[in-house]
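Everything on this sheet refers to the single structure shown next.
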Amino acid sequence: MSISEFFNKKARAAAASLALVFGVAGGYAGHELAQAQFQPQLSDFTLSGVPDNATQQQFTKGHIPGAADAEAATTRFTFAQRLDTLEELASMADDTSDPIILQQLQHDAVAFINDLRINTHLSEQDYARLVADYDDRVGLDVTPITGNYRNGAMYQQEGMIAAQFGAVFGGEELTATEQSKAVGEMMQLGQDSADKTGLEGGLAGAALGGLVALPLLRRTRRKGPQVKK
């Protein structure tokens with residue numbers, strides 16, 4: 001079973017088992033990669049295009065030979081078109097300051113970012129480029145609404161796996177908006193840890209082992225200790 005099947009709701013239970021195995025392996029791989037001084041890379045593959053024989057090391061390095069996604073080009077074009085529309089709205093908002101246009105711009109910008117963060121037909125390279133284009137052409141900061149979408153792009157795909165993993169084993173059914181915000185949180189956690197430790201290679205390798213566990217760990221902490229009387 002490929003990683004892409006993790007996002008098929010009909011196969012969520014089986015795919016979650018794959019994520020667990022792959023994630024635990026990631027902790028060991030992370031240690032080994034740290035010793036080898038590999039640096040994390042923005043992926044050039046999509047989650048929907050990851051082949052069955054992909055390895056943790058390939059995932060970490062951002063390149064998997066044979067990875068192909070027939071929908072990737074169409075998806076990139078669709079997001080580019082949405083950016084064109086957002087740029088036009090931003091220009092109109094600057095010219096008129098019409099509250100209705102401003103409201104529409106914010107609504108569409110939030111939808112764009114949320115959709116971008118959880119699309120499985122985009123690589124992390126695609127993601128980083130589209131965010132940069134958005135900042136350059138639209139420039140509306142929607143972080144207060146969407147949460148982080150700029151930092152930790154190299155952990156975006158790990159964040160998608162982590163968010164789904166936490167939902168499956170936490171018994172939650174996340175909406176697309178909730179899932180997107182959770183991905184942003186995982187991206188920020190990855191970036192913060194990399195900045196703090198400086199061991200970026202190790203963190204990238206351990207991302208599936210570490211980030212995948214975070215949703216469950218954080219849920220446990222929110223519940224507090226369970227003490228039997």
Side-chain angles (χ1 to χ4, degrees), residues 2-7 18-19 21-73 75-76 79-80 113 115-136 148-165 180 182-214:
S2 67
I3 293 178
S4 64
E5 289 183 281
F6 192 91
F7 298 92
L18 168 67
V21 173
F22 202 31
V24 171
Y28 175 76
H31 174 74
E32 294 300 306
L33 289 171
Q35 299 304 314
Q37 296 184 347
F38 282 113
Q39 295 299 311
Q41 301 293 325
L42 292 169
S43 70
D44 60 11
F45 54 82
T46 74
L47 281 181
S48 292
V50 174
D52 294 345
N53 61 348
T55 68
Q56 170 71 22
Q57 185 173 358
Q58 290 171 335
F59 196 93
T60 299
K61 293 176 69 175
H63 177 68
I64 301 176
D69 185 348
E71 296 185 41
T75 302
R76 289 193 296 267
F79 275 99
I113 293 299
D115 292 345
L116 185 66
R117 266 189 314 209
I118 60 174
N119 194 288
T120 63
H121 296 291
L122 295 173
S123 69
E124 289 172 344
Q125 291 181 10
D126 295 330
Y127 178 87
R129 178 183 59 78
L130 285 164
V131 168
D133 286 349
Y134 170 86
D135 282 338
D136 182 55
N148 168 60
Y149 55 90
R150 294 189 176 100
N151 300 321
M154 67 184 70
Y155 305 108
Q156 182 236 351
Q157 290 176 338
E158 286 90 342
M160 282 197 280
I161 295 174
Q164 287 287 352
F165 181 88
S180 179
V183 172
E185 291 176 355
M186 296 300 108
M187 289 164 58
Q188 186 65 63
L189 285 167
Q191 187 64 62
D192 289 346
S193 297
D195 292 342
K196 181 178 180 180
T197 65
L199 297 176
E200 294 186 350
L203 181 65
L208 281 174
L211 291 185
V212 163
L214 279 173

Next item on the list: Can you sort out the partners of Arg76 under salt bridge (charged side-chain N to carboxylate O under 4.0 Å, His left out), two or more places apart, ordered by chain and number?
Entry: Asp126
Check: Which distance, rounded to the nearest 0.5 Å, do you find between the CE of Met187 and the CD of Glu158?
Finding: 10.5 Å
Check: Looking at Val131 and Arg150, what are the two nearest heavy atoms and their distance?
Finding: CG1-CG, 4.3 Å
Check: Where is the tightest heavy-atom contact between Ala67 and Phe45, given as atom of each residue plus distance?
Finding: CB-CB, 3.8 Å
Next item on the list: List for me each residue that meets salt bridge (charged side-chain N to carboxylate O under 4.0 Å, His left out) alongside Asp44, sequence neighbours excluded, and say none if there are none.
Entry: none
Note to self: Contact between Asp115 and Phe79 at the side-chain level, heavy atoms closer than 4.5 Å - yes or no?
What the structure shows: yes
Checklist line | Validation row: Tyr134, Leu130 side chains within 4.5 angstrom (heavy atoms) | finding: no
Next item on the list: Locate the shortest heavy-atom distance separating Pro65 from Pro51; write the atom from each residue and the value.
Entry: O-CG, 4.2 Å
Note to self: List the residues meeting side-chain hydrogen bond (donor to acceptor under 3.5 Å, both in side chains) with Asp69, not counting sequence neighbours, and say none if there are none.
What the structure shows: Thr46, His121
Next item on the list: Taking all non-hydrogen atoms of both residues into account, name the closest pair between Met160 and Leu47 and its distance.
Entry: CE-CD1, 3.4 Å
Check: Sub-3.5 Å donor-acceptor pair from the side chain of Gln191 to the main-chain atoms of Gly152, do we have one?
Finding: yes
Check: Does Tyr149 have any ring pair (Phe, Tyr, Trp, His ring centres under 6.0 Å) partners at least two apart in sequence or in another chain, and if so, which?
Finding: none
Notebook entry, point to check: Hey, does the side chain of Ser48 reach the backbone of Thr120 with a donor-acceptor pair shorter than 3.5 angstrom?
Noted result: yes
Margin query: Treating Asn148 as the side-chain partner and Glu185 as the backbone partner, does any N or O pair qualify as donor plus acceptor under 3.5 Å?
Written below: no
Margin query: Please find the pair of heavy atoms, one from Glu124 and one from Gln41, that lie closest to each other, and give the distance.
Written below: OE1-O, 3.7 Å
Margin query: Could you report the tightest heavy-atom contact between Leu42 and Gln125, atom names first, then the distance?
Written below: O-NE2, 3.3 Å
Check: With Tyr127, which residues qualify under ring pair (Phe, Tyr, Trp, His ring centres under 6.0 Å), at least two apart?
Finding: none
Next item on the list: Answer yes if the side chains of Ser43 and Gln157 hold a donor-acceptor pair under 3.5 Å, and no otherwise.
Entry: yes
